[in-house]
Amino acid sequence: MPLHIIRQDITKLECDAIVNAANNTLLGGGGVDGAIHKAAGGKLLEECKTLDGCDTGDAKITKAYNLPCKHVIHTVGPIWRGGENGEKKLLESCYKKSLALAKENGCESVAFPLISSGVYGYPKDKALSVAVETISEFLFDNEMTVYIVVFDKASYQISEELFDDVQEYIDDNYVDEKEERRLYNRPRRIFSSECDFEVGSVCFEEKLASPKKLDVSLIDMLANIDDNFAVTLLKLIDLKGITDVECYKKANVSKQTWYKIMNEKDYKPSKNTVISFAIALELSLEETKHLLSTVGFTLSKSNKFDIIIEYFLLNEEYNIFTINETLFKFDQVCLGV
Ligand code: ADP
């Protein structure tokens, strides 16, 4: 998958380049900068001394010495001064310049820490949004695997409201197999924050019956029992009026996986990949289940991951990164991983 969000120590990553959240002197500091210099050894500082510092929002590249990666890209993030002082533009520039340098140097994989989100005080949720948006934009026109490395779970600041809503949806829908009998007799509620729907009630039926949520004609159009996943996917792409590239980029699926799906007759995509495509195509819950069924998968009420996916499909929230941040927060595997 082109963009991964992972929790790790960046100095341990074996990719082509890691990015350092440095300061203007490039002569080392605390936080991730200190960790990178410590792991790379004294020669990194020697090379940094020859670079004549670096402007905020700019980036410079060095060798990686004792680190397991090949290059270190040093970028200087803005200090957070309330958000009205050009911080966002400068932070975007850090990602853009670093990615451009990585590309110029033939890097196929690059890992970023959450620049500015430590001592420089940029709020972690905002820093993560800038990182995801800027990197996604770059990946739309470029082939590269990019990691955003978050050191602590606190970086995942999905809004409290979303967290509570998903938590409630899980609580109301999760069927622990051992407890299934007991729960079965209890009415389960959905969309509890919006309305007191109960499964089977008129209200719930109405919600599912609205054409936007359950496009029966689309399902009918797809309902050819002989269609495999690739054929169904291509039909959906055509019906949704987007290009193949737009689709797999939006799904955050690599070109290689796309080619395998299209060209290897026996290739079976993972459930994660299928759901990523469903999100990219903004499918309804029923359409998603149909797509999953072409590879023998389904969504289950005894699987938290599945319930979270179901929550987003029913709420028509198709931002794969919001979904991944939520999955991560609930200790579930992220889409595409
Ligand atoms: P800045 O000065 O740009 O804010 P910091 O190094 O203080 O840079 O922090 C940037 C981010 O890097 C913070 O979110 C911090 O938690 C994270 N961080 C610190 N050490 C590491 C590490 N070894 N690997 C990955 N991320 C790290």
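Start at 1 and go down the list; that is how both ligands and their atoms are numbered. Throughout, numbering of the chain's residues begins at 1 and tracks the sequence.
For the pair S116 and ligand 1, a heavy-atom separation below 4.0 Å is found. Heavy-atom distances between D9 and ligand 1 reach below 4.0 Å in at least one pair.
An N or O contact shorter than 3.5 Å is missing between P113 and ligand 1 by distance. Checked against a 3.5 angstrom limit, the closest N/O atoms of G30 and ligand 1 fall outside it.
Taking a cutoff of 4.0 Å between a charged side-chain nitrogen and a carboxylate oxygen, K235 and D238 do not qualify as a salt bridge. With salt bridges taken as basic N to acidic carboxylate O contacts below 4.0 Å, none links E325 and K329.
Applying the 4.0 Å criterion to heavy atoms of A21 picks out, from ligand 1, the atoms 3 (O), 8 (O). Residue L114 approaches ligand 1 through these ligand atoms, each under 4.0 Å from one of its heavy atoms: 10 (C), 11 (C). Short contacts between ligand 1 and G31, defined as distances under 4.0 Å to a heavy atom of the residue, involve ligand atoms 6 (O).
Of the residues T145, I135, N324, I320, the one that meets the side-chain contact (heavy atoms from CB on, under 4.5 Å) test with L3 is I135.
In this comparison of S117, A127, G118, G121, the heavy atom closest to atom 14 (O) of ligand 1 sits on S117.
Using cut-offs of 30° and 60° on the angle between ring planes, the pair W258 and F277 is tilted.
Of all the heavy atoms of Q8, the ones lying under 4.0 Å from any atom of ligand 1 belong exclusively to the backbone.
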Cut-off 3.5 Å, no hydrogens considered: what does the side-chain donor-acceptor table look like for residues 46-55, sequence neighbours left out?
residue, atom, partner, partner atom, Å
E47, OE1, K63, N, 3.2
E47, OE1, Y65, OH, 2.6
T50, OG1, E47, O, 2.5

List the atom pairs, with distances to 0.1 Å, where a side-chain N or O of residues 77-87 and a protein N or O form a donor-acceptor pair under 3.5 Å, not counting sequence neighbours.
residue, atom, partner, partner atom, Å
N85, ND2, R81, O, 3.0
E87, OE1, E84, N, 3.4
E87, OE1, N85, N, 2.7
E87, OE2, R81, N, 2.7
E87, OE2, G83, N, 3.0

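Follow the hydrophobic side-chain contacts under 4.5 Å out from V130 and you never reach L90; the two are in separate clusters.
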